[in-house]
Amino acid sequence: MEPSKVPEPFLKPYNPAQQEPKMLALWEKSGYANPDVCIEKGITKADAEPYSIVLPPPNVTGTLHMGHAAMLAIEDILIRYHRMRGYKTLWLPGTDSAAIATQSKVETDIYKAEKKTRHDLGREELMKRIDAFVEESKATIINQTKKMGSSLDWSRYAYTMDDKRYAAVMEAFVRMYDAGLIYRGDRIVNWDPKLQTTVSDDEIEYVEQKDAFYHFKYGPFDIGTVRPETKFGDKYVVMHPDDARYKEYTHGQTIELEWINGPITATIIKDAAADMAFGSGAMTITPAHSGIDFEIASRHKLDIERVIDDRGILLDIAGEFKGQHIKKARPLIVEKLRAKGLIAKVDEGYVHNVATNSRGGGIIEPQIKRQWFIDVNKEVKFPDGTTSLKQKMREAVSSGDTKIMPERFEKIYYHWIDNLRDWCISRQIWFGHRIPAWFKGDEVKVSIESPGDGWVQDEDTLDTWFSSGLWTFSTLGWPEETADLKTYHPTTVLETGYDILFFWVARMILMSTFLRGEVPFKNVYLHGLVRDGQGRKMSKSLGNIIDPLTMIEKYGADAARLSLIIGASMGNDVKLSEDRVRGYKHFANKLWNITRFVLENTEGLTLDDGFDDRNEFDSALREERRATFEEVTKHIDTFRLDLAADKLYHYIWDRFADEIIEDSKRVFKDGSEDEKKRRRMFLLYTLDWILKGLHPFMPFVTEAIWQQLPKKESDLLMVAKWPV
RNA sequence: GGGCGGUUAGCUCAGUUGGUAGAGCAAUCGCUUUACACGCGAAAGGUCACAGGUUCGAGUCCUGUACCGCCCACCA
C-alpha cells in the first residue's frame, strides 16, 4: 500500500522545541540574513531599494528580558517582511559595553570575592578582568537573541569597544573638538560620590524623600534649607530686586551676623532668581554645590568655595566639623545652631526631590569640576550651513527627515531639546573609550596619537552614550566611506523603547547631523515597556519576571513573539501574562493542523498544476483573501503590526479554519468533481498565502511547514515572495 | 510647577475619516463531528470614568471634572 502523502510530523501536535533549532540551523546555513548573499543568489535585485535597521545593542553583561524580546520581535517582523518584498534588507546586530554598569558590576564582584577595590588592582588589571567578564557574558546575550528567530546579519556584528568602533569614537571626538563643539571647562556637574564619577543630566533620577526643613536665623533674615551641612560658607544672601519686604536693603550692602562657627560678614545680592513666593523670599547660596547658586554667583562674580569633597567629607571651611561625613555631621550641625539660638522653626516631613544616579549609584552631590563638554548652543559650521547642535536636532524632526512614531513623542522630544544644556561627556571610570586628549603642564592637545614625549593622556573615559550616538554609522564602517554606509545610511527605521528617547535617539541625531550631515534614521518607532499582567514593572524583588527563554521553551518562540505583538499598540506599555503566550502556542498548533487537512485533501496537487489563481471557483473567497492580505500589508506599512497580526489570526482561525475548511468537508463529500478540484486549489493557494503572510510574525512554524511541502517556489520560506 | 497618556465585558486590550459595541484569556452549557480537546458548537457578559456641548446620530469631535500612570523642571 502506498504510504500517506501527508508528512509524518503532522500526525502529532506541533512541537516547537523540536522544530525551532532545525529552522535556526537552516536559516543560518543559508546566509540569507546577509543582503549580499541574497543578491548573489538572485533573490534580491542588486539595484533594489535598501531597507535597514541597526539593532539597539543590548548590554554585553545582560541577559535577554521581555523588553529585548519585544524589540527583536518587532524588528524581525519588519525585516522579514521587507526581505520578502524584495528590498535589499539589512538588520545589523551588535552589543554595547555599557561602561558604568559593566565596570561597577565587575568591581562589585571582585570586592565580594577578594575584598579589593579597583585602586588595589590598578587600571590595567581591572581592564583585563572586565574584558574577561565581557567575553564570557557576551555569548549569552547573542545566543539568546538568536533563539527569538532574529534574522540578523551576524557577519556584520559590531561591539562598541571593538577596534573599528573605538577608532570611530576617537575620530568623532577630534572632529568635534576641532569644530569647537567640544570644550573643557570648570562647571557644576553631577558628581556621584559612590561611583566617584560625573554623570550626565539625563542619568539623574529624582527620588522623592522626606526631610526636616530648617528655618535658620541668618542675621535679620529667615532662610530655609534641608541641607544644613552645606551652609558653612554661605556669605551671600539673595533676594528678588522687587521684593518689597527687603526694600531697605541694597545690592552689595554688607551685614555683620552670627553664623555656625562664629561672626561673619554677609553681602546682600539682588537677583531675580530668588522666588518671592517661596518661604521668606530670602536665601543664602552655596555656589560650589548647587547649580542655580553657581549661576547666581557667576552672574555677580562672587566667591565660590568648596565645602564638601569628592567623597562627601566636610572640608576646612567647616571648622570643628572638618573631616566628618555630611550624613553624620548634619544632626550635629543642627544641634549647634539650636544651641546658639539660630533655629527659627523646623518643618518635619518636608517632601522634596533628591537627585540620584540612575545607574545604581549614590545620591548626587553637585561639584565644580574640570570636565569635557559638548556645547549644544554654539553656532558652528555643519556640512550644510552654520547652526547649533540644538537647532540641528530640532530641524531633523521638524523637517520631517526623521519621523517619530507615535507622534506624541515628537512634542516630548522638542521639549527635551529646549531644556537641553551642555552635555558633560567625561567620566572618571576606567572602562570605556579613553578621551584622546593629552596634557603637558598647562598645555592641552587633542589628537588620536600622543603628540610626543612628555605628554600624558587624559585619565578619563567618555560617557557611554557618546559612542552609542555614533552607532548607526560607526557600525557601517564610518569614518571610512564604505559601500555599506552609502547604501544603508540613513537607516530606514530605528526601533527602540520610549525610555531611551533622550539618552540615545536624540544623541544619535546629534552625532549624525554633525558628523554625517544627514539624519541617522528616517523613522523612529517607539515601543512601550513590557509589564506584568497587572501592569507592574517586572522586577526581581516583585518576583513577577516573565523570562523569554522560559516562554520559548514552554510555548515556542513564535508564541512568545506574537504575545508581544498582538494587543501592543505603538508606544503603549504591554501587559504580558503567561496565558497570552499559551494562547498563541495553540494558534501555532492550529496552523499545523490546518496544513495537515489541506495536504490530506490536496494529495498529488501542486500550485503550478495547471490551475492559476483565476480558475478558482469561488471568486468571493478569493476577493476576501486578497482584501485581507492587502489590509495586512497596509497595516505593516504603517507600523501597525498589532493590527496586521490580529487580522491574520482571525482570518486564519475564524474564517479559514472554522468556516472555509468546514465547508470544504461538505464540498468534498457532496460537490461535483469540478467543484472539488477548484476548492482543493483554493485551499492549497490559501495555505501558501497564509504561510507567507504569517512568516514575519511566526517564522518558525511557518518555515517548518514550508519545509514539509512537496513543492515550493523557494528553498526557504524566509526568501519567498510576499503574496500581494 | 509644566506636559503627556490612560479610564470600553470578571482580567488584558482592539475599535483606522462619527452610523444601533469587538477579540484573547477566564467563567457557563453541549459535543470522542474522520485537521486539530493546544479542538468544535452554543449561550452569557458592557448606562464605552463622570458632567455638559456640537450633531439627525458620539466609545469616536469639543469643554470641564475625577481617579490611575508616566515624563520633564536649579524652588532654596
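Lettering follows sequence order; numbering is per chain, from 1. All values below come from the heavy atoms of this structure, side chains included, with hydrogens, waters and symmetry mates left out.
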Student: Here's one to test your reading of the geometry: is the NZ or CZ of A:Arg245 within 45 degrees of the ring axis of A:Phe221 and under 6.0 Å from its centre?
Tutor: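 Verdict for A:Phe221: no cation-pi partner in A:Arg245.
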Student: Could you tell me how far apart A:Asp642 (CG) and B:U16 (C1') are, to the nearest whole angstrom?
Tutor: 11 Å
Student: What interatomic distance, in whole Å, is found between C1' of B:A73 and the corresponding atom of B:C4?
Tutor: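 My reading of the C1' atoms in B:C4 and B:A73 gives 15 Å.
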Student: Just checking, is any N or O donor in the side chain of A:Tyr236 or A:Asp293 under 3.5 Å from an acceptor N or O on the other one?
Tutor: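 Their side chains do not contain a donor-acceptor pair, so the 3.5 Å distance test is not met.
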Student: Counting primed atoms plus P, OP1 and OP2 as sugar-phosphate and everything else as base, spell out the protein contacts along nucleotides 28-45 of chain B at 4.0 Å heavy-atom distance: B, S or - for each nucleotide, 5' to 3'.
Tutor: -------BB-BSSS----
Student: NA contact type, A:Arg640, heavy-atom cut-off 4.0 Å: base, sugar-phosphate, or nothing?
Tutor: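 Sugar-phosphate: the residue A:Arg640, judged by heavy atoms under 4.0 Å, touches backbone atoms but no base.
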Student: Which word best sums up how the rings of A:Phe629 and A:Trp689 line up, parallel for under 30°, tilted for 30 to 60°, or perpendicular for over 60°?
Tutor: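 Because their plane-to-plane angle is over 60°, the rings of A:Phe629 and A:Trp689 count as perpendicular.
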Student: Send over the distance from A:Arg408 CZ to B:G5 P, rounded to a whole Å.
Tutor: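 Value for this atom pair: 7 Å.
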Student: A:Leu529 CG to B:G6 P: how many Å, rounded?
Tutor: 16 Å
Student: Which base sits across from B:C48 as a Watson-Crick or G-U pair, both distances under 3.5 Å?
Tutor: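 By the stated definition (distances under 3.5 Å), nothing pairs with B:C48.
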Student: How close or far is atom P of B:G22 from atom NZ of A:Lys647, stated in whole angstroms?
Tutor: 14 Å
Student: Nearest 0.5 Å, please: how far is NE2 in A:His251 from CE in A:Met239?
Tutor: 11.0 Å
Student: According to the Watson-Crick and G-U wobble definitions, with both distances under 3.5 Å, which nucleotide is paired to B:C70?
Tutor: B:G3
Student: Need the pair for B:G18. Rule: Watson-Crick or G-U wobble, both distances under 3.5 Å, any strand; none if unpaired.
Tutor: none
Student: Please work out which of the three classes, parallel, tilted or perpendicular, describes the rings of A:His352 and A:Tyr350, given edges at 30° and 60°.
Tutor: parallel
Student: Report the residue from A:Val632, A:Ile566, A:Ile652 that forms a side chain to side chain contact (heavy atoms under 4.5 Å, CB included) with A:Lys647.
Tutor: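 When A:Val632, A:Ile566, A:Ile652 are each tested with A:Lys647, the side chain to side chain contact (heavy atoms under 4.5 Å, CB included) holds only for A:Val632.
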Student: Using the test side chain to side chain contact (heavy atoms under 4.5 Å, CB included), find all partners of A:Ile660 that sit at least two apart in sequence or belong to another chain.
Tutor: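 By the side chain to side chain contact (heavy atoms under 4.5 Å, CB included) rule, A:Ile660 matches A:Leu621, A:Glu624, A:Tyr651, A:Arg655, A:Phe656, A:Ser664, A:Arg679, A:Phe682, A:Leu683.
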Student: B:A37 pairs with which nucleotide, Watson-Crick or G-U wobble, both distances below 3.5 Å?
Tutor: none
Student: How long is the line joining CD of A:Glu631 and C1' of B:A14, in whole Å?
Tutor: 13 Å
Student: What one-letter contact string describes nucleotides 71-76 of chain B from 5' to 3', where B marks a base within less than 4.0 Å of any protein heavy atom, S marks contact via sugar-phosphate atoms alone, and - marks no contact?
Tutor: -SBBBB
Student: How about A:Tyr584 and A:His586: are their ring centres within less than 6.0 Å of each other?
Tutor: no
Student: Taking A:Asp202 as the fixed residue, which of A:Trp465, A:Trp423, A:Trp416 is the one that meets the side chain to side chain donor-acceptor pair (under 3.5 Å) rule?
Tutor: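 Answer after filtering A:Trp465, A:Trp423, A:Trp416: A:Trp416.
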Student: Using only heavy-atom distances, determine whether the side chains of A:Gln209 and A:Asp211 contain a donor-acceptor pair under 3.5 Å.
Tutor: yes
Student: Using the P atom as the reference point in each nucleotide, state the distance between B:G5 and B:A14 in Å, no decimals.
Tutor: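 Looking at atom P only, B:G5 and B:A14 are 14 Å apart.
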Student: For atom C1', what is the distance between B:G52 and B:A66, given to the nearest Å?
Tutor: 15 Å
Student: Can you tell me, in whole Å, how much space there is between the C1' of B:G18 and that of B:C38?
Tutor: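 Each nucleotide's C1' atom is 41 Å from the other's.
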Student: What interatomic distance, in whole Å, is found between P of B:G2 and the corresponding atom of B:C75?
Tutor: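 Pairwise P distance, B:C75 against B:G2, rounds to 14 Å.
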Student: For B:C61, give its Watson-Crick or G-U wobble partner with both distances under 3.5 Å, or none.
Tutor: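 Result: B:G53.
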